[in-house]
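Just below is one structure, and these are the notes that go with it.
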Amino acid sequence: MSRLEKRNRVIWQQIAAIPRGKVASYGQIAELAGIPRGARMVGRALGKAPASLQLPWFRVLNARGRISIPGSSPYYQRQIDLLRAEGIAVNDGSVDMQRHRWAPSLDELMWGPGAWSEETDETEEQ
DNA sequence: CGTGTGACTGACC
DNA sequence: AGGTCAGCCACAC
C-alpha cells in the first residue's frame with residue numbers, strides 16, 4: 001500500500017463523513033485528512049474514487065462555496081440538483097458556505113474517520 | 001528528468 | 001464582484 005493510496009483513503013473517509021445537508025471545501029477536507037494545503041489532492045482523489053464507495057462528492061465545493069466542476073460537464077447540473085435535494089440553496093453555481101459549512105464536532109475530530117491518521121500511518125493494515 | 005496542468009487556496013490588486 | 005499570482009504536488013507527456 002503506497003503512501004498515496006493511504007492518503008486517498010483518508011480523504012475518501014473524510015468526504016464520506018460529511019453529513020447530509022452540509023458541505024465542505026477541498027481545503028477543509030485536506031486539513032481533516034492531515035494534508036495541509038492539499039486541496040488539489042482532494043480534487044484528484046475525488047476524481048479517482050471508486051464509484052462503489054458512493055461518496056457524497058457533491059458536498060465538496062471550493063473555498064468560496066463555488067462548484068468546481070466546469071459548467072460544460074453534465075455533472076455540474078447534477079451536483080446542483082443533489083445539493084438542492086438536501087435543502088441546500090444553490091445560486092448561480094454557488095452555495096452560502098457561512099450557512100452550510102460542515103463544522104465537525106470535537107468528538108468527530110477526535111474519533112472520526114482519519115483522526116490519528118498521522119500516528120496510524122505506518123502501522124495501519126488492511 | 002523538465003514542463004505544463006489542474007474537481008484548489010489565500011493574498012492582492 | 002472580478003482577475004492575477006505564487007504556492008501546491010501528483011500526473012501526463
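This one's a predicted model, so the numbers in the text were calculated from it and none came from an experiment. Residue numbering restarts at 1 for every chain, and letters A, B, ... go by the order of the sequence lines.
Between A/Asn62 atom CG and C/dG2 atom P the separation is 14 Å, expressed in whole Å. Taking atom CZ of A/Arg37 as the reference point, atom P of C/dC9 lies 7 Å away to the nearest angstrom. Protein atom OH of A/Tyr76 is 14 Å distant from nucleotide atom P of B/dA7, rounded to whole Å. Nucleotide C/dC9 holds its P atom 13 Å from the CD1 atom of A/Ile11, rounded to whole Å. Look at CD on A/Gln77: it is 19 Å from P on B/dA7, rounded to the nearest Å. Rounded to an integer number of Å, the gap from A/Trp57 CH2 to B/dA7 C1' is 10 Å. Between the C1' atom of C/dA1 and the CZ atom of A/Arg66 lies a distance of 11 Å, rounded to the nearest Å. Between the CD1 atom of A/Ile35 and the P atom of B/dT9 there is a distance of 13 Å, rounded to whole Å.
A/Lys22 approaches A/Arg59 most closely through the heavy-atom pair O-CD, 3.1 Å. Taking all atoms of both residues into account, the shortest heavy-atom contact from A/Phe58 to A/Leu83 is O-CD2, 3.3 Å. When all heavy atoms of A/Met97 and A/Leu61 are compared, the closest pair comes out as SD-CD1, 4.1 Å.
Not a single donor-acceptor pair under 3.5 Å links the side chain of A/Gln28 to the backbone N or O of A/Ala103. Side-chain N or O atoms of A/Ser94 include one that pairs as donor or acceptor with a backbone N or O of A/Asn91 at under 3.5 Å. For A/Trp12 (side chain) and A/Ala45 (main-chain N/O), a donor-acceptor pair under 3.5 Å exists by modelled atom type.
Judged by distance alone with a 3.5 Å cut-off, a donor-acceptor contact links the side chain of A/Arg40 to the base of B/dC8.
How far CE of A/Met110 is from OG of A/Ser105: 11.0 Å, rounded to the nearest 0.5 Å. To the nearest 0.5 Å, atom CG of residue A/Leu106 and atom CD of residue A/Glu108 are 10.0 Å apart.
For DNA chain B, the stems formed by at least three consecutive Watson-Crick or G-U pairs, with both atom-pair distances below 3.5 Å, span B:2-6 with C:9-13, B:8-13 with C:2-7.
At a threshold of 4.5 Å between non-hydrogen side-chain atoms, the residues A/Pro74 and A/Tyr76 do not count as touching.
Of the candidate nucleotides B/dC8, B/dG10, B/dA7, B/dG10 has the atom lying nearest to any side-chain atom of A/Ala63.
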Restricting both atoms to N or O, compile the protein contacts to nucleotides 10-13 of chain C shorter than 3.5 Å, with distance only.
from: C/dA10; atom 1: OP1; to: A/Arg7; atom 2: NH2; distance (Å): 2.5
from: C/dA10; atom 1: O4'; to: A/Arg44; atom 2: NH1; distance (Å): 2.8
from: C/dC11; atom 1: OP1; to: A/Lys48; atom 2: NZ; distance (Å): 3.3

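Comparing A/Phe58 and A/Arg64 along DNA chain B, the residue whose closest nucleotide (by nearest heavy atom) sits nearer the 5' end is A/Phe58.
For the pair A/Ser25 and B/dT9, the criterion of a side-chain N or O lying under 4.0 Å from OP1 or OP2 is met.
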